[in-house]
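The structure appears below as structure tokens.
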Amino acid sequence: MSAETGVNTAGVIHDIGYRRYTGRRLGRAQIVRALYWHSLRSAFGLGRGAKAKIVPVITFVVICLPAVANAVSVAQGNGRLYPYDTYLFQLRVVVMIIFIAAQAPELVSRDLRSHVLPLYFCRPLRRLDYPLAKLLAFITACLAMIEIPLLLLYLGTIAQSHGGSAIWHQTKALIPGLLVGLMWAVLLAAIGLALASLSGRRAYATGAIAIYFFLTWILSEILIQVTQRNVVRQVAPPPGFHAPPGAPPGAVPKFQTIVQVPTTAAHLSGLVSPFTTLDGVREWLGGTSPGQVPGVAHYGPLYGAMLLVLLAASVAGLAARYRKAGA
């Protein structure tokens, strides 16, 4: 009891019924699985408000629209509209840029901004387990965005196929497309998370991802166009052509056309962007659909090496970021 204020200053212990946890502790593997599942849900805004679902839902619907249009066209007796290995290249690029720029910061930037990483790492969780779970979850999310439209394209096509040989023909064409989609998902997810992890502010992370992907893609397309050489070539007269009146007997008029011939610079310009690098690797590995790069030719191994360099740099940058984050 204080003599001046008359207030009892003695401490009091209140029994609030706290009990120690006596259940089974699941350990590191379960923590990684829970982090993976939570991150995958976050990539699509699940478990959050309607605002968080706007971008994932819109991008998913947009990228699936060509597959729906293909199903309608095939039902009317037409052939398959789009190839499996490229789908609609420009549409896929734009949709994936928007999706990655919007959702990659959802997985990593919020934890950085809230400074909750020390809470993760005080558990039996290794420092590299956190980015590994995030990367696997985002690869899965990107796979869903890329592969589900391909499966819809496939189902819409085989629904009107007659006979096992026709279905098997479509299946053989689908498998390379799925592998190309896996290649896209792994590389784009790694680059997106690496860039997003550089800032705890979502706006900065979104801007960095969008600027990198858009600028490199546009620059690569411009370089491919301007570095090709115009060549004038003679062509045969069109069928049914008749010499004009008054022309000398036996005279054969010359018809010429201007064609663009790729140069070495045009072949190498695709290395500027991850998207054209991916398409160059697809062509090198045997893709039959026309690509953005005008003939990879013997530069295919260089595109493969660039793909591995981009992937290794992104994964290494992501790992290095979390070796010191939260320390």
Find the distance between [atom1] ([X]) and [atom2] ([Y]) and round it off to the nearest 0.5 Å.
X	Y	atom1	atom2	result
L174	I158	CG	CD1	9.0 Å
N70	L65	CG	CG	12.5 Å
L179	E147	CG	CD	8.0 Å
L187	S314	CG	OG	6.5 Å
L271	Y303	CG	OH	4.5 Å
L40	T140	CG	OG1	6.0 Å

List the atom of [X], the atom of [Y], and the distance in Å for their closest heavy-atom pair.
X	Y	value
I146	A185	CD1-N, 4.0 Å
Y204	S199	CB-OG, 3.6 Å
G177	L150	O-CD1, 3.5 Å
A67	L152	CB-CB, 3.8 Å
Y36	A133	CD1-O, 3.9 Å
L193	L135	CD1-CA, 3.4 Å

Are the side chains of [Y] and [X] in contact, using a 4.5 Å heavy-atom criterion?
X	Y	value
E221	T276	yes
W284	P301	yes
I100	C142	yes
Y82	L91	no
Y154	R80	no
K53	F44	no
H169	S165	no
S39	L136	no

Would the distance check show the side chain of [X] and the main-chain N or O of [Y] forming a donor-acceptor pair, the cut-off being under 3.5 Å?
X	Y	answer
S269	A265	yes
Q103	A43	yes
S109	A196	yes
Y87	I63	yes
S197	A194	yes

Same cluster (ILVMFWY, side-chain, under 4.5 Å), [X] and [Y]:
X	Y	answer
L151	V68	no
I139	W37	yes
L46	I54	yes
L188	M306	yes
I175	I167	no

Per the side-chain contact (heavy atoms from CB on, under 4.5 Å) rule, which among L182, L178, I148, V186 passes with L143?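 Output: one option passes, namely L182.
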Evaluate ring-ring contact (aromatic ring centres under 6.0 Å, His included) for F89 paired with W184, printing each intermediate quantity in order. CA-CA 12 Å; F89 184 84; W184 274 60; 5.7 Å; yes
Test V62 against F99 for side chain to side chain contact (heavy atoms under 4.5 Å, CB included), laying out the working first. CA-CA 11 Å; V62 169; F99 178 77; over 6 Å; no
By the rule that ILVMFWY residues connect when side-chain heavy atoms come within less than 4.5 angstrom, directly or transitively, which residues belong alongside W168? none
Got a sec, which hydrophobics cluster with I211, joining ILVMFWY side chains under 4.5 Å apart, including via others?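 Via sub-4.5 Å side-chain contacts, I211 links to L215.
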E106 meets the salt bridge (Lys or Arg N to Asp or Glu O under 4.0 Å) criterion, sequence neighbours left out, with R48, R110, R202
Start with the C-alpha distance between I222 and I218, add both sets of side-chain angles, then the distance that settles side chain to side chain contact (heavy atoms under 4.5 Å, CB included), and finish with yes or no. CA-CA 6 Å; I222 293 175; I218 294 173; 3.8 Å; yes
Evaluate F213 against F275 for ring-ring contact (aromatic ring centres under 6.0 Å, His included), listing each step before the verdict. CA-CA 8 Å; F213 280 134; F275 299 110; 5.4 Å; yes
Test L132 against V32 for side chain to side chain contact (heavy atoms under 4.5 Å, CB included), laying out the working first. CA-CA 8 Å; L132 176 63; V32 173; 5.6 Å; no
